S.K.: 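Got a structure here, written out as structure tokens. Questions coming.
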Protein chains: 2
Amino acid sequence: MQDYKLDEVDMKILERLRYNAKFTLTVLSKELDMPVSTIRYRIKKLEESKVILGYVPLIDRTNLGYKVSLILEIDTIPKYIERVVNEISQFPPTVRVYGVDSGPKLHVHAIFKEEEEAYSFISHRLYNIKGINSVETSKIIRRYKIDPSILL
Amino acid sequence: MQDYKLDEVDMKILERLRYNAKFTLTVLSKELDMPVSTIRYRIKKLEESKVILGYVPLIDRTNLGYKVSLILEIDTIPKYIERVVNEISQFPPTVRVYGVDSGPKLHVHAIFKEEEEAYSFISHRLYNIKGINSVETSKIIRRYKIDPSILL
DNA sequence: ATTGAAAATAAGCCCTA
DNA sequence: TAGGGCTTATTTTCAAT
């Protein structure tokens, strides 16, 4: 279902779930002062209409030992872009790969346990891929705002 | 609890939950061939140790009518950075704000319903903030890989 | 699309090893 | 830390509006 129009109730439910996807129907029912079955019906519709794509746990990379989080801007030779994307996406450190409109560029997020691992990844892995012109690297040093529910 | 060491069981549980945070203990119990109570104990530990920070629904912005997703690189005058961060973070379109190591730069993700709204945001909102030198903009035109569970 | 109630599942708690 | 059993809570189904 595309372009499913959300009303205020849907928005309120989404808002609460974005805070905590584990709220029970009963809790939402009380908070929004609506019957449990109505809440359930709405959520099911949000899921079926693909407004809600799924549910995930938020994992803090730092508590898993991944100290280094990089943003990579990869300039790519146009005709190799699909190939570059495929190779990059398969590396475990890359968590997100986007195509952007400026130049034939890829915007990549990747996480590593140590600096050393990151540099090794860039020089040994990335620069070995045919079709990559250049890689600009930024390290994330501060998280000011995170709204993980919305997919870019 | 910091630096909680994860064993293979923890990793397997995480892996399954990252695919779907709504798997019941019973389902995980069968998949991993372990008692429900053990699965429960492990997940609770992952939560208490802050490896799992919470649970969120994944929301597809496009199905909410947000067609435009921008990556903004904001060059900031060092002494104003906290102020800039506070102002930017309060705007509803900004979903993520990171500080990066290159220059006094902020890396911002923002979503908009239309192009017009995005340009208006940049010219009327961003450039009115004291302390911003320049804003480089990229529009996301393709999502190749998304791993939303891992926080950057 | 909304609701209430019953039935089926699952989570939470406590105790033991 | 792992496991089992009992109690409560939650989800699911279904019929009626």
Side-chain angles (χ1 to χ4, degrees), chain A residues 1-66 113 148-149 151, chain B residues 1-66 113 148-149 151:
Chain A
M1 199 189 310
Q2 277 195 337
D3 268 339
Y4 167 52
K5 287 291 166 221
L6 307 187
D7 67 10
E8 226 176 272
V9 174
D10 295 315
M11 293 306 280
K12 276 184 186 162
I13 291 172
L14 274 185
E15 193 187 292
R16 296 310 290 140
L17 289 180
R18 282 174 61 181
Y19 177 72
N20 178 3
K22 285 269 164 97
F23 279 137
T24 65
L25 299 178
T26 316
V27 167
L28 294 174
S29 153
K30 279 172 189 158
E31 286 189 353
L32 306 185
D33 195 29
M34 309 190 88
V36 170
S37 36
T38 303
I39 303 286
R40 181 174 145 67
Y41 177 82
R42 294 303 191 105
I43 292 178
K44 217 172 142 198
K45 281 212 82 174
L46 289 169
E47 289 166 354
E48 283 166 358
S49 64
K50 303 290 180 202
V51 171
I52 295 177
L53 297 174
Y55 300 88
V56 296
L58 294 178
I59 297 173
D60 191 339
R61 62 175 167 85
T62 61
N63 284 336
L64 274 178
Y66 291 86
K113 302 219 176 207
S149 199
L151 297 180
Chain B
M1 199 188 313
Q2 279 194 337
D3 268 339
Y4 166 52
K5 287 292 166 219
L6 307 187
D7 67 10
E8 226 175 273
V9 175
D10 296 314
M11 293 306 280
K12 277 185 187 163
I13 290 173
L14 273 185
E15 194 186 292
R16 296 309 291 142
L17 288 179
R18 281 175 60 181
Y19 176 73
N20 178 4
K22 285 267 162 98
F23 279 137
T24 64
L25 299 179
T26 316
V27 166
L28 295 174
S29 152
K30 280 172 189 158
E31 285 188 353
L32 306 185
D33 195 28
M34 310 191 86
V36 171
S37 42
T38 303
I39 303 286
R40 183 176 143 63
Y41 177 80
R42 293 303 191 106
I43 292 179
K44 215 172 145 196
K45 282 209 82 172
L46 289 169
E47 289 167 352
E48 283 167 357
S49 64
K50 302 289 180 203
V51 171
I52 294 177
L53 296 176
Y55 300 88
V56 296
L58 295 178
I59 295 173
D60 190 339
R61 63 177 168 84
T62 62
N63 283 336
L64 274 178
Y66 290 86
K113 302 219 175 205
S149 200
L151 298 179

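Proteins come first, then strands; the chains are lettered A, B, ... in the order of their sequence lines, and each starts at number 1. Worth knowing before you read on, the calculation uses all heavy atoms, side chains too, and leaves out hydrogens, waters and symmetry mates. Treat the numbers as computed from the prediction; the structure is a model and nothing was measured.
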S.K.: Taking for each residue the nucleotide of DNA chain C with the nearest heavy atom, is it B/V27 or A/P35 whose nucleotide lies nearer the 5' end?
M.R.: A/P35
S.K.: Expressed as a whole number of angstroms, how long is the span from B/I13:CD1 to D/dT1:C1'?
M.R.: 13 Å
S.K.: With a 4.5 Å heavy-atom cut-off, do A/L6 and A/L14 have their side chains touching?
M.R.: yes
S.K.: When you check every protein heavy atom under 4.0 Å of nucleotides 11-17 of chain D, what one-letter string (B, S, -) results, 5' to 3'?
M.R.: SBB----
S.K.: Write down the distance between CD1 (A/I43) and C1' (D/dT10), rounded to a whole number of angstrom.
M.R.: 12 Å
S.K.: Quick check for you: among D/dA2, C/dA1, C/dG4, whose closest atom lies nearest to any side-chain atom of A/R42?
M.R.: C/dA1
S.K.: Is any side-chain heavy atom of A/E47 closer than 4.5 Å to a side-chain heavy atom of A/Y55?
M.R.: yes
S.K.: So that I can tick it off, tell me whether A/D10 and A/R42 are bridged by a salt bridge, with the cut-off set at under 4.0 angstrom between side-chain N and carboxylate O.
M.R.: yes
S.K.: Without decimals, in angstroms, what is the distance between B/L28 CG and C/dA10 C1'?
M.R.: 12 Å
S.K.: Please tell me if A/Y41 has a side-chain N or O lying less than 4.0 Å from either OP1 or OP2 of C/dA1.
M.R.: yes
S.K.: Do A/N63 and B/S49 have side-chain heavy atoms sitting under 4.5 Å apart?
M.R.: no
S.K.: How close do A/L17 and B/P57 get, heavy atom to heavy atom, and via which atoms?
M.R.: O-CD, 3.1 Å
S.K.: Indicate yes or no: at least one non-hydrogen side-chain atom of B/K44 is less than 4.5 angstrom from one of B/E48.
M.R.: yes
